Every structure is written in C-alpha cells, then in structure tokens.
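Since the model is a prediction, treat every value here as computed from it, not as a measurement. We're numbering straight along the sequence, starting at 1. Counting starts at 1 for both ligands and their atoms, following the listed order.
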Amino acid sequence: MLKIIPGWQVKLLDANHIQTTGISSLELMERAAKGFVDWWNGKGFDHSAPVNIFCGAGNNGGDGFAIARLLDTSGFKVSVLKCFDESAKLSSDALVNFKLLPDGIRVMDWNEFDKSKDGIVVDAFLGVGLTGELRSTAKAIIQKINSFDGKVISVDIPSGLPSDDLLSGACVRADFTVTFAFPKLSLLFPEHAAVTGELILVDIGIADTEYDLFDSTSYYLRKEDVPFFHRKFHRFSHKGDFGKVLIVAGSEGKMGAAILSCKAALRSGSGLVTALMPKSERQIIQIAVPEAMCQFELPTDLSRFDAIGIGPGLGVMGKSALLESIFHRFKNPMVIDADALTILSENPDLVHLIPKGSILTPHLKEFDRLLGDTSNHLARLEKAADFCRSLELNLLIKGANSVICLADGRQVFNSSGTPYMATGGSGDVLTGMLTSFLGQGYSSANAMFCGVYHHGLAGEIAGEHYLRGTIASDLIDAIPETFVQLGIS
Ligand SMILES: NC(=O)C1=CN([C@@H]2O[C@H](COP(=O)(O)OP(=O)(O)OC[C@H]3O[C@@H](n4cnc5c(N)ncnc54)[C@H](OP(=O)(O)O)[C@@H]3O)[C@@H](O)[C@H]2O)[C@@H](O)CC1
Ligand SMILES: Nc1ncnc2c1ncn2[C@@H]1O[C@H](COP(=O)(O)OP(=O)(O)O)[C@@H](O)[C@H]1O
Ligand SMILES: [K+]
C-alpha cells in the first residue's frame with residue numbers, strides 16, 4: 001500500500017529519491033510531466049482545442065512548462081500564462097523548463113487570458129508548496145481560471161487547496177486533478193469533491209519502500225496492492241474451507257437487502273450461506289437465491305459459523321435484543337451495517353459487547369449518528385481513529401474513497417469505485433462481500449482491503465456498461481470479473 005505523507009515532506013521524499021537513485025530533480029519533473037501527458041493522450045482530447053497552461057514560479061509551474069513542451073510536441077496548440085511578474089525568482093528546475101519552451105508556444109501574462117475562447121485550461125499555478133493565506137494576486141489568478149467555462153485540469157493539486165488541511169480560501173475548481181507519486185490527503189476529503197474533480201494518480205518511479213522513512217497512518221489502496229491480501233486455496237479445498245457465513249438481514253418489504261447480501265457473499269466465494277430472516281418471507285429468498293439456506297430462529301450455537309454479517313434491511317423496532325444475543329453468542333469478528341448500526345446508535349451500551357476485530361460500515365450519516373456530529377472529514381477521521389483504537393474495532397467510512405479505519409490506527413483510502421455506485425442496495429452488496437472474506441479466514445484488515453477494493457471495482461465494471469442505470473444487482477454480476485482482473489483464481 002502507498003503511504004500518504006504530508007505535502008511539506010514531498011521535498012524530503014524527492015531529495016531522498018534523488019540521492020539513492022542518482023537521478024536529478026529535473027528528471028523527476030520530466031517524469032511527472034510525461035506521466036501527465038501520457039494520461040492526457042489516453043483521454044483523447046481534441047487536437048484542435050487550444051491548451052492554456054497557467055504556470056507559477058515554483059516547481060508546480062515547472063511541471064506546467066514541461067507539460068507545455070510535451071503537448072506542443074504531440075501537436076497541440078499551447079499557450080503559457082505566466083502567473084508571476086518579471087522580478088520573480090523561478091525555482092531552478094522551473095527556470096530550466098521555462099527556457100526550454102519551444103518558439104511555437106505563445107507566452108503571455110495570466111491577465112491576458114481570454115476566458116471566452118474554447119479550449120482546455122491546465123492549472124500549474126500552485127502545488128504542495130502553498131503556504132499561508134493566498135496573496136491577493138493569487139486570488140485574482142484563481143478567479144480568472146474559475147471564470148473559464150471549459151475543462152480545467154489541475155497539476156498535482158488544484159491551486160489554492162492546502163495539501164493536508166481543509167479548504168478555507170479560494171481554490172481552482174478542477175474537472176480532473178492529476179496528482180504525482182501519492183494522492184495528497186486533502187484530495188480525498190468529500191468536502192473537496194467539487195474542486196478536485198476526478199482524481200488520477202501518476203507514478204513517477206518512487207518505490208513504496210521510499211516512504212518508510214516517513215511517519216504516517218494514512219495509506220492509499222491501489223489495484224496492485226490487493227492480490228497480496230488474498231488467501232490462496234489449493235486443489236483439495238472443500239466448501240468448508242471457503243467458510244460458512246450467516247447473514248442476518250431482511251424484514252417484510254426489505255427482503256431485497258438480504259438477497260443482495262447473500263448473493264454477494266456467494267459470488268465472493270463463500271462455501272455456505274445461511275440467511276436468518278422472518279419465516280413469513282422465506283419464499284422470496286429461496287426463489288431468488290436457491291443456494292442460500294434459511295434459518296428462522298437464532299441458533300443457540302453460533303460457533304458453526306465462521307462469520308456473521310448483520311443489518312441490511314433488518315429493521316430496527318424490537319431488534320436490539322437480537323443484536324445483543326448475537327454479540328453474546330458469537331466471539332469472532334463480524335460485519336455490522338445499516339439497521340444494526342442504527343440500533344447501536346440508539347443503544348450505545350451495546351457497542352462494548354461487539355466482538356473485537358469486528359467491522360462496522362457506516363456511511364457519513366450513520367457515522368454521525370453513531371459517533372456524534374462531525375463538522376468535517378479531518379475531525380471525522382480523528383474520531384474514527386479514537387473509536388477504533390479504544391474499542392479494538394474497525395470502521396469503514398463509506399463514500400467515494402471509502403476509508404478503512406483499522407484498530408491498529410492505520411487509515412486506508414480506497415481507490416476503486418464510481419459515483420454510479422450511489423444506488424440503493426450497493427452497501428448491502430458490500431456487507432455480503434466483507435462477510436464472505438471474513439468467513440474464508442481472512443483477517444479483518446485483509447477482508448476489508450479485499451472486500452472494499454473488489455466492491456469498488458465491481459462498481460466500475462458495472463458502471464462502464466450501465467452508466468447511471470447501474471443497480472446493485474449489476475455489482476454482484478460483476479464480482480467474478482473483479483477476480484479475473486486482479487488475477488485471483
Ligand atoms: N515528488 C513529487 O511529488 C514531485 C512534485 N513536483 C511538483 O512540485 C510541486 C511543489 O513545488 P514547490 O515546492 O516548488 O512549490 P509550488 O507548489 O510550486 O509552490 C511554490 C510557489 O507558490 C508560491 N506561493 C506559496 N504560497 C503562496 C501564497 N500563499 N500565495 C501566493 N503564492 C504562494 C510561491 O511563491 P513565493 O512564496 O516563493 O513568492 C512559489 O512561487 C508539486 O506540487 C508538484 O507539482 C514535480 O515537479 C516533481 C516531483
Ligand atoms: N460517489 C461514489 N463513489 C464511489 N463509491 C460510492 C459512491 N457513492 C456510494 N458509493 C459506495 O456505494 C456504497 C453505498 O452504501 P450505502 O450508503 O450503505 O448504500 P445502501 O444503504 O443503499 O446499500 C458504499 O460502499 C459506498 O462507498
Ligand atoms: K496546481
């Protein structure tokens with residue numbers, strides 16, 4: 001997994017990389033620019049659209065000059081908008097790249113930019129070197145960029161956004177942010193979604209081990225990390241090896257949630273799935289998921305189950321005793337979602353009975369109901385860390401870039417997923433997937449890494465096909481393809 005370090009430490013990361021590999025800082029800037037242009041070329045932007053690149057005097061601007069040169073070579077009509085005056089001292093690498101600008105590129109002052117023209121704006125004004133409050137000219141430059149109606153692509157971070165803190169002043173509103181080496185923490189906050197746009201991570205050749213020097217509890221979960229967390233099964237594996245799970249879900253009118261969770265558990269590899277549900281609703285589930293077994297009373301001995309998932313569509317009224325009995329009778333980690341979380345919010349004493357290592361999966365509203373209102377994501381993450389450490393529980397804060405908050409203090413941001421997953425029932429699918437991995441003998445942390453990443457990837461696969469018509473069942477259908485794409489047999 002990729003460690004997320006504070007923006008101010010990027011200089012140390014670079015210096016260390018330069019020292020150990022012998023490459024120059026200029027070469028590192030060139031890699032960043034090449035990575036940006038590779039992504040750009042993959043997007044297939046129209047060659048006839050003029051490209052206007054706002055460049056600051058620091059290394060973010062240096063990236064911008066290098067990008068300008070490379071886009072010019074690729075045949076784009078590029079202009080550079082200087083965001084500094086004649087007296088400004090450019091960083092040494094920015095100066096080199098400024099001097100390397102080919103003659104064909106028009107260089108103007110930022111205030112000469114004509115916002116009414118078509119094209120694309122690249123924002124290479126301010127990067128992680130931003131300190132303190134924006135100066136007045138910087139605010140005017142950001143305003144100018146934001147007055148443009150077309151696409152805006154930010155280099156490393158939208159100019160004005162602090163890398164590790166909440167936005168308090170002006171900021172470029174980007175459609176895409178192409179960030180280098182690792183995602184800056186603030187790019188992952190829901191309150192910044194409107195300024196960061198779609199997030200793209202460009203690898204500039206810094207190895208994961210080079211981050212070991214830095215203290216941080218934040219990580220980013222990428223596709224290449226996930227296979228490592230999967231268990232390997234062998235030729236003689238039998239259905240018992242793949243786990244027996246109990247899904248406690250569904251009530252009259254909400255049996256769909258139970259069906260989605262059970263199916264998702266089966267599609268994620270569970271050997272045996274049992275649904276605990278009201279007897280009156282048994283026909284629905286037996287027709288929809290014939291592979292699942294049904295149970296209408298809570299068995300006294302729950303030790304025959306390897307994992308339990310509880311909550312989707314369960315209902316709240318009169319269900320707290322059921323939750324309490326399960327906590328008393330089952331001693332292994334379990335998955336707690338939806339209505340079960342609401343019951344916990346209403347009966348806070350029950351939280352102390354939850355088996356250690358369990359996984360709670362609140363979305364933002366459920367989080368606030370459970371742990372109290374939070375004014376912003378930073379405060380939420382801090383609260384989550386305290387909760388997880390003190391109770392030895394794991395929390396998944398759901399949303400775009402869901403955060404896996406572990407009892408050991410690590411907070412891991414997921415990279416897979418798409419807004420097309422914002423559809424009723426997709427959380428029920430996740431509960432089934434997490435329960436399935438727990439039941440297959442994965443540690444809670446590994447079950448979360450695999451469950452959350454595969455769930456997001458299933459959303460991407462389904463979303464590619466169905467766009468905004470994606471429904472939760474499509475995610476389940478896409479689960480097998482996620483295993484194919486990750487090379488997991
Ligand atoms: N490993 C990586 O990730 C790599 C990262 N790289 C790139 O380096 C970037 C970081 O570059 P950096 O350190 O030179 O800082 P940068 O963001 O250009 O900002 C400095 C400029 O901002 C200005 N400024 C500051 N505060 C201000 C304020 N309040 N209001 C107004 N202005 C303010 C400051 O002005 P000054 O204070 O000096 O007058 C100076 O001009 C990083 O984001 C990435 O793009 C790649 O090139 C290579 C590998
Ligand atoms: N914009 C988004 N980007 C990525 N994933 C999303 C987005 N919106 C929702 N999701 C994911 O979809 C799931 C929704 O779960 P939840 O809110 O419990 O929905 P429901 O209760 O309808 O099942 C979560 O896993 C969440 O991370
Ligand atoms: K920028």
Side-chain angles (χ1 to χ4, degrees), residues 7-11 13-14 17 25-33 36 54-64 66 83-84 88-94 97 122-139 141-142 145 153-163 169 171-172 174 177-182 184 190 193 202 204-206 257 260-261 311-313 337-339 341 361-366 396-403 414 416-431 433 451-452 455-456 459-460 463 472 475:
W8 65 269
Q9 289 187 318
V10 166
K11 275 198 163 43
L13 180 75
D14 289 358
H17 183 72
S25 58
L26 193 63
E27 173 57 24
L28 206 53
M29 187 176 276
E30 193 68 14
R31 280 192 205 160
F36 180 98
F54 285 75
C55 296
N59 285 340
N60 196 246
D63 294 342
C83 301
F84 47 88
K89 191 175 175 311
L90 270 66
S91 80
S92 57
D93 292 336
N97 275 308
V122 175
D123 154 37
F125 171 31
L126 301 169
V128 298
L130 170 72
T131 47
E133 272 205 25
L134 284 174
R135 296 194 281 269
S136 59
T137 317
K139 282 186 201 158
I141 294 170
I142 288 169
I145 295 175
I153 302 170
S154 284
V155 174
D156 206 26
I157 192 161
S159 297
L161 184 65
S163 50
C171 178
V172 164
T177 297
V178 180
T179 198
F180 302 128
F182 65 94
K184 316 307 171 270
V202 162
I204 57 169
I206 298 175
L260 292 169
S261 293
D337 182 36
D339 289 340
L341 293 172
T361 62
H363 53 57
L364 299 186
K365 250 200 196 135
E366 287 165 341
L396 176 71
I397 308 175
K398 290 189 293 194
N401 299 119
S402 292
V403 198
N414 184 38
S416 67
T418 150
Y420 298 136
M421 296 168 76
T423 174
S426 55
D428 308 333
V429 173
L430 178 66
T431 296
M433 297 178 80
V452 174
H455 179 250
E460 288 175 22
L475 266 61

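Counting the atoms of ligand 1 from 1 in the order shown, those under 4.0 Å from a heavy atom of Leu134 are 29 (N), 30 (N). Distances below 4.0 Å separate heavy atoms of Gly424 from the following atoms of ligand 2: 22 (O). Taking every non-hydrogen atom of Met29 and a distance limit under 4.0 Å, the qualifying atoms of ligand 1 come out as 47 (O). Atoms of ligand 2 lying under 4.0 Å from any heavy atom of Ser402, numbered from 1 in the order shown and given with element: 27 (O). Within ligand 1, counting atoms from 1 as listed, the ones closer than 4.0 Å to a heavy atom of Gly127 are 16 (P), 17 (O), 43 (O). Of all the atoms in ligand 1, the ones that sit under 4.0 Å from a non-hydrogen atom of Leu130 are 25 (C), 26 (N), 27 (C), 28 (C), 29 (N). Counting atoms of ligand 1 from 1 in the listed order, those under 4.0 Å from a heavy atom of Ile204 are 1 (N), 2 (C), 49 (C). Close approach of ligand 1 to Ala138 is summarised as follows: ligand atoms under 4.0 Å from at least one heavy atom of the residue are 31 (C). Taking a cut-off of under 4.0 Å to the non-hydrogen atoms of Val10, the atoms of ligand 1 that pass are 1 (N), 2 (C), 3 (O).
In this structure, CG in Leu260 is found 12.5 Å from CE in Met433, a value given to the nearest 0.5 Å. The distance from atom CG of Asn59 to atom NZ of Lys11, rounded to the nearest 0.5 Å, is 6.0 Å. In this structure, Ile141 CD1 and Phe84 CZ are separated by 10.0 Å, a value rounded to the nearest 0.5 Å. Taking SG from Cys55 and CG from Leu126, the interatomic distance works out to 11.5 Å, rounded to the nearest 0.5 Å. Distance CD1/Ile206 to NE2/His17: 5.5 Å, rounded to 0.5 Å.
Taking atom 8 (N) of ligand 2 as the reference point, the nearest protein heavy-atom neighbour is Ala422 CB, 3.6 Å. With hydrogens left out, the protein atom closest to atom 7 (C) of ligand 2 is Thr418 O, 3.9 Å, a heavy atom. Given atom 9 (C) of ligand 1, the protein heavy atom at minimum distance is Asn60 N, 3.7 Å. Summary of contacts: the protein heavy atom closest to atom 1 (N) of ligand 2 is Pro419 CA, 3.3 Å. Of the protein's non-hydrogen atoms, Gly427 N, 3.6 Å is the one closest to atom 19 (O) of ligand 2. Closest to atom 26 (N) of ligand 1, if we only count protein heavy atoms, is Thr131 N, 3.0 Å. For atom 43 (O) of ligand 1, the closest non-hydrogen atom of the protein is Asp156 OD2, 2.6 Å. Among protein heavy atoms, the minimum distance from atom 25 (C) of ligand 1 is reached at Gly129 O, 3.6 Å. Closest protein heavy atom to atom 46 (C) of ligand 1: Asp63 OD1, 3.3 Å. The protein heavy-atom contact nearest to atom 12 (O) of ligand 2 is Ser426 OG, 3.2 Å. Of the protein's heavy atoms, Met421 CB, 3.9 Å lies nearest to atom 10 (N) of ligand 2. The protein heavy-atom contact nearest to atom 13 (O) of ligand 1 is Lys11 NZ, 2.5 Å. Protein heavy atom nearest atom 40 (C) of ligand 1, with residue, atom name and distance: Gly58 N, 4.2 Å. Remark: minimum distance from atom 17 (O) of ligand 2 to any protein heavy atom is reached at His363 CD2, 3.3 Å. In this structure, the protein non-hydrogen atom closest to atom 25 (O) of ligand 2 is His455 CE1, 3.2 Å. In this structure, atom 32 (N) of ligand 1 lies nearest to the protein heavy atom Arg135 NH2, 3.3 Å.
Residue-to-ligand polar distances place Lys398 within reach of ligand 2: an N/O pair is separated by less than 3.5 Å. In terms of N/O distances under 3.5 Å, ligand 1 is approached by Val128. Residue-to-ligand polar distances keep Gly417 apart from ligand 2: every N/O pair is separated by 3.5 Å or more.
Here the shortest heavy-atom distance to atom 5 (C) of ligand 1, taken over Asp14, Asn59, Leu126, belongs to Asp14. In the candidate list Ala193, Pro362, Gly399, Gly399 is nearest to atom 26 (C) of ligand 2, counting heavy atoms.
No option in Ile157, Val155, Asp63, Ile153 other than Ile153 meets the side chain to side chain contact (heavy atoms under 4.5 Å, CB included) test with Val178.
Listed for the Asn60 side chain is a donor-acceptor partner under 3.5 Å among the backbone atoms of Phe125. Checking side-chain atoms of Thr177 against main-chain N and O of Thr179 turns up no donor-acceptor pair under 3.5 Å. Checking side-chain atoms of Asn401 against main-chain N and O of Asn414 turns up a donor-acceptor pair under 3.5 Å. Within the 3.5 Å criterion, the main-chain N or O of Ala257 finds a donor-acceptor partner in the side chain of Ser261.
Not a single heavy atom of Gly62 sits less than 4.0 Å from an atom of ligand 1.
Atom O is the N/O/S atom of Asp123 found closest to the K ion (ligand 3).
Geometry at the K ion (ligand 3): O/Leu126 and OD1/Asn60 form an angle of 70°, nearest 10 degrees.
Considering only heavy atoms from C-beta on, Ile145 stays 4.5 Å or farther from Ser159 through its side chain.
Taking 3.4 Å as the criterion, Ile157 counts as a coordinating residue of the K ion (ligand 3), since one of its N, O or S atoms falls below it. Contact annotation: Val155 places an N, O or S atom under 3.4 Å from the K ion (ligand 3). Among the backbone and side-chain atoms of Ser159, an N, O or S atom lies under 3.4 Å from the K ion (ligand 3).
Protein non-hydrogen atoms do not reach within 4.0 Å of atom 21 (O) of ligand 2. Not a single protein heavy atom sits closer than 4.0 Å to atom 38 (O) of ligand 1.
For Asp337 and Thr361, the side-chain atoms include at least one donor-acceptor pair closer than 3.5 Å.
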Might you work through the side chain to side chain contact (heavy atoms under 4.5 Å, CB included) test for Asn97 and Leu26, ending with a clear yes or no? CA-CA 9 Å; Asn97 275 308; Leu26 193 63; 3.8 Å; yes

His455/Ser416 under side chain to side chain contact (heavy atoms under 4.5 Å, CB included): CA gap, chis, key distance, verdict: CA-CA 8 Å; His455 179 250; Ser416 67; over 6 Å; no

Verdict with reasoning, Leu13 to Phe182, per side chain to side chain contact (heavy atoms under 4.5 Å, CB included): CA-CA 11 Å; Leu13 180 75; Phe182 65 94; 4.2 Å; yes

Between Phe180 and Val10, does a side chain to side chain contact (heavy atoms under 4.5 Å, CB included) hold up when you go through it step by step? CA-CA 10 Å; Phe180 302 128; Val10 166; over 6 Å; no

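Taking every heavy atom of both residues into account, Gly160 and Leu130 meet most closely at O-CD2, 3.5 Å.
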